[in-house]
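Below is one structure, written out as C-alpha cells, with a few remarks after it.
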There are 2 protein chains.
Amino acid sequence: MRRDAELNRERLVTAAREVFAERGLDVALDAVAKRAGVSIGTLYNRFPTRGELVRAAFADNVDTVARLGEHALGLADPWDGFVYFVEQVSQLQAADRGYNELAGSSSAEDLSRGYDLMSRIVARAREAGGLRADFTLEDMAFVTWSITRTIEATAGTSTTVWRRHLALILDGLRASAAHPLPEPALSREQLADIYRDC
Amino acid sequence: MRRDAELNRERLVTAAREVFAERGLDVALDAVAKRAGVSIGTLYNRFPTRGELVRAAFADNVDTVARLGEHALGLADPWDGFVYFVEQVSQLQAADRGYNELAGSSSAEDLSRGYDLMSRIVARAREAGGLRADFTLEDMAFVTWSITRTIEATAGTSTTVWRRHLALILDGLRASAAHPLPEPALSREQLADIYRDC
DNA sequence: AGCAAAGTTGACGGCCTCCTCAACTTATGT
DNA sequence: ACATAAGTTGAGGAGGCCGTCAACTTTGCT
C-alpha cells in the first residue's frame with residue numbers, strides 16, 4: 001500500500017469514528033469523506049461497504065471490551081465482575097452513539113473472543129450464586145437491548161440516567177430476586193438468527 | 001364530509017393499520033394508499049402528515065390501553081394489577097410492529113388519560129409494598145423501552161420470548177429486590193423533553 | 001337534469017443518498 | 001528523469017420517497 005493511501009485510510013477511519021459517534025451509524029457517507037478531507041470515491045475505493053468502514057472504525061472498541069472482560073474476570077467477587085463488565089461496556093456505549101447502535105445489533109458475539117469472554121463472566125457469576133441460576137448467556141442480549149435503547153432515548157437529556165435503569169435491571173438478575181421464568185431462554189441458534197437479520 | 005370521502009378515509013385508516021402492523025411506522029406512504037385502493041393524493045388530502053395518519057390508525061389501541069388500565073386497577077392485588085397492565089400492553093406491542101414502535105416513542109403520556117391511569121397503577125402498587133418504593137412513574141419509560149426493543153429484535157424469531165425478558169425486569173421491580181439506586185429518576189420535564197424530540 | 005362544491009387522480013419536480021467510472025494525479029523503483 | 005502501477009477525483013446516473021397541483025370526476029342539493 002502506498003504511503004498516501006495509508007494516510008488516507010487512517011484519515012477515513014478517524015473521521016468515521018467521529019462522525020459515527022456524533023450522528024450514528026446511518027449518516028450519509030459523504031459526511032465521513034468530507035470530514036476526512038478525501039473524496040467520496042476514495043472512501044468507496046478503500047471501504048466498498050459501510051460495514052467494512054464500521055468494522056474498521058470500531059476495531060479499538062473491540063479490544064477495549066476484551067480488556068474490560070479480562071479485568072472483570074480478575075475481580076475477586078464474580079458478581080462484582082459481572083456488574084463491572086456490564087457497567088463499563090454500557091459506559092462505552094453511552095459515550096458513543098455509533099458504538100451504542102453497533103452494540104445493540106451485533107452484541108460482540110460475532111467476535112468469538114468477546115463471546116467466549118462474556119460466556120465465562122456469566123458462568124462464573126452464576127456458579128458463585130450471585131447471578132440467578134436460570135440466567136443464560138443468551139439472556140445477555142436482553143440486557144444489551146435494554147440499555148442500548150435507554151441510552152439512545154436519554155442521551156440528549158441526561159448522560160447518566162442509564163445507570164439508574166441498569167441498576168433496576170441488575171436487581172432483577174441477582175439470585176436473591178429470582179422468581180420462576182415463564183419462557184425458556186433463546187437458543188444459541190435463535191440468537192444467531194436474530195443477529196444475522198441485522 | 002361526502003359519503004365517498006368518508007369511505008376513503010376508513011379505507012385509508014384500515015390500510016394504514018395493516019401496513020404499519022406488518023412493516024412498521026416508516027413505510028412509504030404509497031404502500032398505504034395502494035392497499036387502500038386510493039391514490040396517494042387522496043391520502044395526503046385526508047392526512048397531510050404521517051403523524052395524523054398514525055394517530056388515526058392507532059386510536060383504537062389507545063382505548064384498549066385505557067380499558068386495560070381500568071381493569072388493572074380493579075384487581076385486588078396492586079402488584080398483580082401492575083404486572084397485568086404491563087404484560088397486556090406488551091402483548092399489544094408484540095402483536096403489532098407499528099404499535100410497538102409507537103409505544104417506544106410516545107409512551108402513552110401524550111394522552112393525559114393514559115398518563116393518569118398509569119400514574120395510579122404505579123402509585124397503588126408502590127404504596128401497597130409490592131412495587132419497590134423508589135420506583136417512579138417516569139421509570140416506566142425504562143420498562144417500555146426495554147420491552148419495545150426486545151420485541152423488535154425477537155419478533156422474527158419468537159413471538160413469546162419477550163415474556164422472559166419482562167419477567168426478568170419485573171423481578172427487579174419488586175420491593176423485595178430493591179437495592180439503592182445510583183441516580184435520581186428522570187423528572188417529568190426531562191421525560192417530556194425526550195418524547196418531544198421524537 | 002343541472003350545477004357548484006367537494007373530492008380524486010397520478011404524473012412530476014425536488015431532495016437525498018448510493019455507488020460507479022473515465023479522466024486525472026501522485027508515488028516509487030530503476 | 002521517467003515509466004508505470006497505484007491511487008484519487010467528483011460529476012452524474014439510478015433509485016427511492018416526499019408532497020403538490022392542475023385537470024378531471026363524483027356527489028348531493030335544488
Using only side-chain N and O atoms of [X], determine if any of them is under 4.0 Å from OP1 or OP2 of [N].
{"X": "A/Arg50", "N": "C/dT17", "answer": "no"}
{"X": "B/Arg46", "N": "C/dT8", "answer": "yes"}
{"X": "A/Ser39", "N": "D/dG10", "answer": "no"}
{"X": "B/Asn8", "N": "C/dT8", "answer": "yes"}

From the set [options], return the single nucleotide nearest to any side-chain atom of [X].
{"X": "B/Tyr44", "options": "C/dC19, C/dT8, D/dG19", "answer": "D/dG19"}
{"X": "B/Ile40", "options": "D/dT20, C/dA27, C/dG7", "answer": "D/dT20"}
{"X": "B/Asn45", "options": "D/dT9, C/dT17, C/dG7", "answer": "C/dG7"}

[X] [atom1] - [N] [atom2] separation (whole Å):
{"X": "B/Phe47", "N": "D/dT20", "atom1": "CZ", "atom2": "C1'", "result": "18 Å"}
{"X": "B/Leu53", "N": "D/dG19", "atom1": "CG", "atom2": "C1'", "result": "14 Å"}
{"X": "B/Leu29", "N": "D/dT20", "atom1": "CG", "atom2": "P", "result": "12 Å"}
{"X": "B/Asp30", "N": "D/dC18", "atom1": "CG", "atom2": "P", "result": "6 Å"}
{"X": "A/Arg23", "N": "C/dT17", "atom1": "CZ", "atom2": "C1'", "result": "13 Å"}
{"X": "B/Leu12", "N": "C/dT9", "atom1": "CG", "atom2": "C1'", "result": "13 Å"}
{"X": "B/Lys34", "N": "C/dA11", "atom1": "NZ", "atom2": "P", "result": "11 Å"}
{"X": "B/Arg3", "N": "D/dT25", "atom1": "CZ", "atom2": "C1'", "result": "16 Å"}

Inset, instruction - Can you label the angle between the A/Tyr195 ring and the A/Trp145 ring as parallel, tilted or perpendicular, going by 30° and 60°? - result: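 Geometry flag for A/Trp145 against A/Tyr195: tilted rings.
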Inset, instruction - Please state whether the rings of A/Phe20 and A/Phe58 are parallel, tilted or perpendicular, taking 30° and 60° as the class boundaries. - result: parallel
Legend entry - Presence of donor-acceptor pair under 3.5 Å, side chain of A/Arg2 and base of C/dA27: no
Inset, instruction - Could you pick out which residue, A/Gly41 or B/Thr49, lies toward the 5' side of DNA chain D when each is mapped onto its nearest nucleotide? - result: A/Gly41
Legend entry - Side-chain ion pair, B/Glu138 and B/Arg188, N-O less than 4.0 Å: no
Legend entry - Pair B/Glu22 + B/Arg35, salt bridge at N-O below 4.0 Å: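 Here B/Glu22 pairs with B/Arg35 in a salt bridge, since their nearest N and O are under 4.0 Å apart.
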Inset, instruction - Classify the side-chain pair A/Ser90/A/Gln93 by whether it contains a donor and acceptor separated by less than 3.5 Å. - result: no
